[in-house]
Asks: 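Let me begin by handing over the structure; questions about it come next.
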Amino acid sequence: MQYERQNPAFYALLVALIFMAVGPIVLMFANSFKLDVDIISGTSGLLFLPTIQNYETALCDVLWYEPEHLDFCSLKFGGAFINSLIIALVSTVLTLVIGCMAAYALVRFTFMGRDTVSLTTLMVRMVPPAVLLVPVFGLWNNEFCLDKEGLIGGAIRDTFGGRGDVCLAGTHSGIILIYVAMNLPFVIWILQSFIVQVPRSLEEAARVDGAGPFAVFFKIVLPLIKPGLAAAAIFTFRIAWNEYLLASALSDRNTKTVPILIVNNMSEFNVEWGVIMATGMLLAIPPIIFTLFASRQIITGMTAGAVKG
Amino acid sequence: MFLAPAAIIMALCLLYPLGYMVWGSFRDWNPSQTIGEAEFVGFKNYITLFYDPAFRESLGVTLTFATVVVAAELVIGVGLALLLDRNIRGMSILRTLFILPMMIAPVVVGLMWRYMYHPTVGTFNKFLKSWGFEGIDWLGQHALMSAIIADIWQWTPFIFILSLAALQSLPRSALEAARIDGATAWQQIIHIKLPLMMPVLIVTALLRLIDAFKVLEVILVMTEGGPGLSTEIVALRISRTATEFRELGVAAAMSNYLLILLLILTVAMFAITRLQEARAARLARQIQEEG
């Protein structure tokens, strides 16, 4: 492929753009390795003695040794990190499985057009999480409960303890459920645009060779829509991983996710910049890794949404 | 049968809650009651909100925020796309770096910008002072502008990437023809590229507009809605009404207002797109008949 030569001003512009896009992230990365004293006095940006003390403070509850500078471990970051991981992974897998089934059904046994699906997607995308806050809070606490006198509810309560009815609020599954529901339309929409491209004759050929419907789906269709799956997975994971508002309404002390932890520490009067930047960096690392390795899939997913739809 | 799980989850977790919310918005409801115990008050919540200056202000803030943000991002994003639509080395790296800001958690974005805007410690003021200027009170007097800048930083790449994709899928023949007829670069952009990109641009703008109404975490972390009500967008107000003031009924009514507003916007945008498509189809037919 031939590349055109451009004039130097053009490259200067490119460098400026890259600096603007990545600068704040690099700045945060650098600050997370500084002591608070260095951040506040901050003589020059890049000359400092890097320290991992902030990360030790943040991760103190999962470290195998006790950091010297800490008296006791106040920040339960490790636990929140694990919660976030469980919630994001489980909801991604669930969304993909359910979404895949639905998308396949919509394409192959059509009884609803693509227009309906894209309209639903748009409508669901339109609903802000803040709007879901009130009803979800109410429902998850009051309605979606197993009665404590009932059979299953009673059994769960006896095993895990606690008073009152067994409700969805405060459990991992409660948060996972709402994330799955929020992401489903988008995932179905993306996967549908990939499944449509799988030639029908291929499936029929497999069926003639004696493959059952499930074998056809798993051996023929699934490998062909891998890029679509990757894009959908990244988007779902990103939303589940980054979401703050609904998680804060639905979680309790033990199911806190990382964003909640950061916001809680932020609103306190005296901000410890170094530690908070370290937690922020830890939260940002998984999406950054995805972006660096799968940027093509992300771009596919984004453009499939707007350009084709 | 394959559809059943998806349909059940959507009905249970999206449709039912929305209906529940509409039902709840007619009640005087606080979090310790179940919805059945709450008193039915008719349209009282809606009427109170309508005359509530604080709610009106936050509605105004939301609208300003959304329009300014979308307009600025469209101009910058499309401009950059037109400028960078060239065959150069390293374009994919550039795109990768550009997506980073939108993949990072909004909470973290808020955190970064709060640090950079900090009156004494922050990067911007340090920079200004080292050049001998006065520091600016970013999150005080200019809080809304600062929030807008942060959002522009985070989401311009979205528009940039979509419009770049649209540009690169334009028919080469039209551009070739224009070049042979001697159209300047500007003429090409205004008469050919922009009109052909229009459908994508409208969808993109619509998606951004919808998302701009959902922004909450960045502003929550940066300013917590303050100072005063200057950055309290409706989404933030809903969550505060529900959690701090413990008035779920009012919060539900507020959510309904927001939802109706968004619905009107979406439908309007949809109608515009349809109209334009119809007009384009008619034009194409005319040209065919003449030719």
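Chain A is the first sequence line, chain B the second, and so forth, proteins listed ahead of strands; every chain is numbered from 1. All values below were derived from every heavy atom in this structure, side-chain atoms included, with hydrogens, water molecules and symmetry-related copies excluded.
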Asks: Pick one: which of B:Leu263, B:Leu259, B:Ile210, B:Leu258 meets side chain to side chain contact (heavy atoms under 4.5 Å, CB included) with A:Val127?
Replies: B:Leu259

Asks: Check whether A:Met20 gets within reach of chain B through its side chain, its backbone, both or neither, counting any heavy atom under 4.5 Å.
Replies: backbone

Asks: Under a 4.5 Å heavy-atom cut-off, does chain B meet the side chain of A:Ile239, its backbone, both or neither?
Replies: neither

Asks: Please tell me if the side chains of B:Leu83 and A:Leu13 come closer than 4.5 Å, counting only heavy atoms from C-beta onward.
Replies: yes

Asks: Given heavy-atom pairs under 4.5 angstrom as the criterion, report whether the side chain, backbone, both or neither of A:Ile285 touches chain B.
Replies: neither

Asks: What is the minimum heavy-atom distance between A:Pro287 and B:Met103, and which atoms define it?
Replies: CB-O, 3.4 Å

Asks: Specify which of A:Leu245, A:Ile178, A:Val258 makes the most heavy-atom pairs with chain B at under 4.5 Å.
Replies: A:Leu245

Asks: Should we count CD1 of B:Ile93 as having more than 12 external heavy atoms under 6.0 Å?
Replies: no

Asks: Specify which of A:Gly99, A:Pro24, A:Pro286 makes the most heavy-atom pairs with chain B at under 4.5 Å.
Replies: A:Pro24

Asks: Closest heavy-atom contact between A:Asn242 and B:Ile104?
Replies: ND2-C, 3.8 Å

Asks: Can you name the nearest heavy-atom pair linking B:Trp153 to A:Ala21, along with the distance?
Replies: CZ2-O, 3.2 Å

Asks: Show the nearest heavy-atom pair for residues A:Gly280 and B:Val108, with the distance to one decimal.
Replies: O-CG2, 3.6 Å

Asks: What is the minimum heavy-atom distance between B:Phe98 and A:Leu17, and which atoms define it?
Replies: CZ-CB, 3.8 Å

Asks: So which atom in B:Leu111 and which in A:Met277 form the shortest heavy-atom distance, rounded to 0.1 Å?
Replies: CD2-CA, 4.5 Å

Asks: At a heavy-atom separation under 4.5 Å, does B:Asp211 approach chain A through its side chain, its backbone, both, or neither?
Replies: side chain

Asks: Identify which of A:Leu27, A:Val97, A:Val180, A:Thr95 forms the greatest number of heavy-atom pairs closer than 4.5 Å to chain B.
Replies: A:Leu27

Asks: At a heavy-atom distance under 4.5 Å, which candidate from A:Leu292, A:Ile234, A:Leu14 has the highest pair count against chain B?
Replies: A:Leu14

Asks: Please round to the nearest 0.5 Å and tell me the distance separating atom CD1 of A:Ile288 and atom OG1 of B:Thr96.
Replies: 13.0 Å

Asks: Check whether A:Leu132 gets within reach of chain B through its side chain, its backbone, both or neither, counting any heavy atom under 4.5 Å.
Replies: side chain

